[in-house]
Protein chains: 2
Amino acid sequence: MATIKDVAKRAGVSNSVVSRAFNNYPDISEKTRQKIFDVAKELNYTPNIVAKNLSSKKQKTIGLIASGIFTENTKDTISFEVLKGVYTGAQEKEYELSIFLIDSLKQEQKSYTQFCRDRKIGGIILQGIRTDDRYFKELMNTDIPCVMVDVVSDIENRLIGSVTSDNYGASKKVAKHLLEHNHRKIAVVAGTRETYVNSERFKGTKKAFEEFGLELSDEDVMYGEFAEEKAYYLTKTYLEYKQPTAFICYSDLMAYGVMRAVKEKGLRIPEDVSITGFDDLLISNFTQPRLTTVRQDFFEMGKQSALLLQQMMESKEGKKLVYVENEFMERDSVRYCNEKQRKDEYSNGQTEYSNDYIT
Amino acid sequence: MATIKDVAKRAGVSNSVVSRAFNNYPDISEKTRQKIFDVAKELNYTPNIVAKNLSSKKQKTIGLIASGIFTENTKDTISFEVLKGVYTGAQEKEYELSIFLIDSLKQEQKSYTQFCRDRKIGGIILQGIRTDDRYFKELMNTDIPCVMVDVVSDIENRLIGSVTSDNYGASKKVAKHLLEHNHRKIAVVAGTRETYVNSERFKGTKKAFEEFGLELSDEDVMYGEFAEEKAYYLTKTYLEYKQPTAFICYSDLMAYGVMRAVKEKGLRIPEDVSITGFDDLLISNFTQPRLTTVRQDFFEMGKQSALLLQQMMESKEGKKLVYVENEFMERDSVRYCNEKQRKDEYSNGQTEYSNDYIT
DNA sequence: CTGTTAGCGCCTTCAA
DNA sequence: TTGAAGGCGCTAACAG
């Protein structure tokens with residue numbers, strides 16, 4: 001493989017000139033520049049990225065740290081979409097990308113900071129990590145630029161950005177949709193309490209209730225930790241003493257769990273119970289019934305993260321917030337709530353409508 | 001960040017001793033080794049991978065080149081599973097992983113070989129790439145060890161391995177399953193003709209027919225190129241002049257296309273037509289009806305690829321073939337073919353059974 | 001067992 | 001506009 005030396009020798013110049021030519025320095029005569037590129041092409045030379053990375057001051061590689069890829073539900077391919085987006089964004093500006101997938105099952109976690117230092121990573125994108133993680137905290141004490149996906153932090157004095165979507169607005173829309181469909185007995189299956197997206201979505205729900213002059217009761221809010229099984233069990237229990245006409249779920253995954261529990265109870269969706277999700281995973285278009293939810297463009301979020309990070313790395317400027325569009329997807333899991341259903345007291349059991357439809 | 005020098009100085013030894021200690025060379029006294037590790041821990045030192053990579057003869061990074069991630073059907077998350085597997089396998093033996101995702105839509109392809117050289121990649125895993133690709137051919141003319149997923153090549157004199165599953169056996173099992181369920185009017189929606197897995201699966205199908213004293217007619221074999229839409233259109237056309245009682249599809253994606261075409265024709269699955277797939281994608285458990293198919297463990301295939309590649313890189317030994325288990329998943333898209341259906345001539349239209357069930 | 005020396009391939013002052 | 005020299009952080013002979 002040709003090295004910079006070979007090109008230099010063949011072009012009759014010194015290494016440094018070749019280096020400058022390849023890095024678009026202006027202080028090179030057009031003639032030699034051309035000569036160098038000609039020779040390079042002839043020798044099929046491209047700079048070695050490893051050596052470049054080692055010697056250069058400039059940071060041209062970014063990292064993606066993603067958690068929950070291994071342990072989580074395989075139905076969840078969000079991380080993959082983010083990864084594709086980040087890759088695309090990095091590619092666009094010719095940054096190298098190094099990925100770090102965290103397997104939360106394994107004990108031997110590694111320091112994010114270490115990960116960056118060891119690879120000369122100049123900036124990092126964080127996806128699905130917990131802000132109470134010790135390695136996250138450690139990272140926050142460094143000066144490595146960070147972009148977080150779906151987390152907006154209040155950390156000051158630090159190069160940190162966020163990419164997310166309008167969780168508040170979308171969530172409000174979902175709740176209003178249900179409210180407008182005459183639902184009043186609504187249960188909320190929220191995610192993880194301390195989480196940014198959860199609190200945004202919760203605000204949205206509450207706001208919608210408010211606008212209808214209603215209040216959301218604590219006992220109708222469950223915390224499913226964004227997990228299908230957890231949501232399933234919570235719903236099972238909930239249904240033993242209450243029967244809402246609708247469930248608002250803060251993730252599709254949880255909606256699947258709720259659907260299962262609801263069906264097992266012998267209730268029909270959406271005839272007896274309406275259900276909404278959030279995310280629009282692949283499967284949501286294939287569930288029975290198809291899930292009404294909020295589509296998030298995770299690919300775009302990944303891409304924007306990479307772009308934002310690169311910009312931060314180059315300009316050394318701080319705190320940016322980028323929003324990516326989301327979209328309310330009205331499908332088949334929500335139906336108008338009739339007066340009878342609406343007036344029925346919460347009961348310990350099934351409504352008369354549903355007895356025949358156990359699936 | 002602490003460098004090797006800092007450790008050396010603090011431990012009162014030279015750089016090379018520290019280097020050796022960290023690379024587990026035996027020629028170091030237990031005492032100094034211990035001393036070095038102590039100091040390293042104290043200084044929070046870990047070797048810089050970039051520098052290591054540059055200076056070392058040993059190749060400790062592998063690459064994954066995957067195609068079709070961007071352009072293909074988003075229902076297909078196979079590449080992602082492979083990626084996770086490769087990552088896990090690399091991680092296990094402390095290899096670095098560099099990924100190269102090919103966007104076939106973009107014109108500006110890059111040389112695989114270049115990709116490897118530029119990053120000092122010592123071995124490469126290929127997934128979803130075409131063997132008639134010019135860059136693939138170029139790569140084959142180098143001495144870079146390769147492992148291919150789901151491609152078994154006949155290239156000689158070269159460090160090359162393959163990881164796949166028993167496509168022949170699984171495919172045979174599928175066909176026999178249909179045959180045993182009394183189906184005789186069977187159409188095959190094959191994939192891409194020149195492809196390894198396609199030919200293996202085809203052999204399996206033929207073998208099963210043979211064992212039943214039957215022969216597969218050319219006119220009942222379509223080539224859907226593993227694409228949902230292609231399969232959909234082929235099936236639409238096919239159904240205009242023939243009505244099989246079963247479709248064997250060489251991928252789930254194509255099965256979805258076939259299902260759609262079949263339903264649009266007003267035929268019921270599996271009452272009128274049985275359908276089988278191959279791969280067991282996420283959605284196949286949620287289609288209507290749930291798809292009978294062959295589950296492939298793509299994660300394991302990715303992992304085994306990484307392991308095999310590493311072994312090849314270390315031992316310089318050649319041509320290995322690793323099989324990963326697959327599993328026949330009997331679900332709801334296949335049903336026993338009754339005598340009436342079986343005897344019906346291929347007709348230009350629907351059977352009498354299905355007229356009422358247009359969905 | 002340990003230190004010395006010379007790179008790996010490139011970038012980056014500093015002088016010319 | 002160019003060249004020389006030093007260095008990025010580490011490994012790898014080769015002495016000792």
Side-chain angles (χ1 to χ4, degrees), chain A residues 1-37 39-40 43-61 94 96 98 114-122, chain B residues 1-37 39-40 43-61 94-96 114-122:
Chain A
M1 220 51 200
T3 73
I4 201 171
K5 269 189 192 167
D6 303 318
V7 178
K9 196 179 297 173
R10 195 92 122 94
V13 294
S14 72
N15 298 0
S16 58
V17 182
V18 178
S19 173
R20 289 201 204 91
F22 267 87
N23 291 292
N24 294 316
Y25 276 60
D27 60 350
I28 290 191
S29 78
E30 201 43 53
K31 213 177 111 200
T32 51
R33 182 192 300 279
Q34 198 51 53
K35 173 83 183 168
I36 286 168
F37 286 148
V39 172
L43 262 43
N44 198 17
Y45 166 81
T46 47
N48 182 300
I49 292 175
V50 179
K52 197 164 172 163
N53 194 351
L54 180 62
S55 67
S56 179
K57 309 255 148 200
K58 299 196 192 86
Q59 310 274 224
K60 277 292 239 178
T61 121
E94 297 187 306
E96 280 292 298
S98 220
Q114 203 77 257
F115 171 76
C116 293
R117 304 288 193 212
D118 290 351
R119 283 148 243 259
K120 298 205 99 193
I121 288 172
Chain B
M1 219 51 198
T3 73
I4 201 171
K5 268 189 194 166
D6 302 319
V7 178
K9 196 178 297 171
R10 196 91 122 95
V13 294
S14 72
N15 298 0
S16 58
V17 181
V18 178
S19 174
R20 288 200 206 91
F22 266 88
N23 291 292
N24 293 316
Y25 277 60
D27 60 351
I28 289 189
S29 77
E30 201 41 55
K31 213 177 111 201
T32 53
R33 182 192 302 278
Q34 198 49 54
K35 173 83 184 167
I36 286 167
F37 286 148
V39 171
L43 263 44
N44 199 16
Y45 166 81
T46 47
N48 182 301
I49 293 175
V50 179
K52 198 163 171 166
N53 193 351
L54 181 62
S55 70
S56 178
K57 308 256 147 201
K58 300 197 193 87
Q59 310 275 224
K60 278 292 241 177
T61 121
E94 297 188 305
Y95 273 65
E96 280 293 298
Q114 203 79 256
F115 172 76
C116 293
R117 305 289 192 212
D118 289 352
R119 283 148 242 258
K120 299 207 99 192
I121 288 171

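All of these numbers come straight from a predicted model, not from anything done at the bench. Proteins get letters first, then strands, A, B, ... in listed order; numbering begins at 1 in each.
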Quick one: side-chain hydrogen bond (donor to acceptor under 3.5 Å, both in side chains) partners of Gln59(A), sequence neighbours excluded?
-> none
For residues 46-61 of chain A, the salt bridge (charged side-chain N to carboxylate O under 4.0 Å, His left out) pairs (sequence neighbours left out) are none
Residues at least two apart in sequence or cross-chain that pass side-chain contact (heavy atoms from CB on, under 4.5 Å) with Lys9(A), listed by chain then number, are none
Considering only heavy atoms, which members of residues 13-29 of chain B lie under 4.0 Å from some atom of DNA chain D?
-> Ser16(B), Ser19(B), Arg20(B), Asn23(B), Tyr25(B)
Given atom CG of Asn48(A) and atom C1' of dC11(C), what is their separation to the nearest angstrom?
-> 13 Å
Just report the end-to-end axis angle for the helix from dC1(C)-dG16(D) to dA16(C)-dT1(D), five pairs per end, to 10 degrees.
-> 40°
What is the distance from CZ of Arg33(B) to C1' of dT2(C), rounded to the nearest Å?
-> 13 Å
Just jot down the side-chain hydrogen bond (donor to acceptor under 3.5 Å, both in side chains) partners of Arg33(A), sequence neighbours excluded, or say none.
-> none
Please give, in whole Å, the distance from dC10(C) P to Ile36(A) CD1?
-> 13 Å
Using whole Å, report how far NZ of Lys35(B) lies from P of dT2(C).
-> 13 Å
Tyr45(A) to Ile4(A) - nearest heavy-atom pair and separation | CE1-N, 3.5 Å
Does the base of dC11(C) carry an N or O that pairs as donor and acceptor with the side chain of Ser56(A) under 3.5 Å?
-> no
When rounded to whole Å, the NZ to P distance for the pair Lys120(A) and dG9(C) reads 17 Å
Anything under 4.0 Å to a heavy atom of chain A counts; send over the first and last such nucleotide of DNA chain D, read 5' to 3'.
-> dT1(D) to dG9(D)
What pairs with Arg117(A) under side-chain hydrogen bond (donor to acceptor under 3.5 Å, both in side chains), at least two apart in sequence or on another chain?
-> none
Who passes side-chain hydrogen bond (donor to acceptor under 3.5 Å, both in side chains) against Thr32(B), sequence neighbours left out?
-> Ser29(B)
Run the side-chain donor-acceptor check on residues 11-27 of chain A: report pairs under 3.5 Å with partners two or more places apart or on a different chain.
residue, atom, partner, partner atom, Å
Ser14(A), OG, Ser16(A), OG, 3.1
Asn23(A), ND2, Ser19(A), O, 2.8

Where each residue is assigned the nucleotide of DNA chain C containing its nearest heavy atom, which of Gly12(B) and Ile49(A) is assigned the position nearer the 5′ end?
-> Gly12(B)
Salt bridge check: are Glu96(B) and Arg119(A) linked by an N-O gap of less than 4.0 Å?
-> yes
Specify the separation, in whole Å, of atom CG of Leu54(B) and atom C1' of dC8(C).
-> 4 Å
Glu94(B): what forms a salt bridge (Lys or Arg N to Asp or Glu O under 4.0 Å) with it, not counting sequence neighbours?
-> none
Tell me, please, which residues at least two apart from Asp6(A) pass side-chain contact (heavy atoms from CB on, under 4.5 Å).
-> Ala2(A), Thr3(A), Leu43(A)
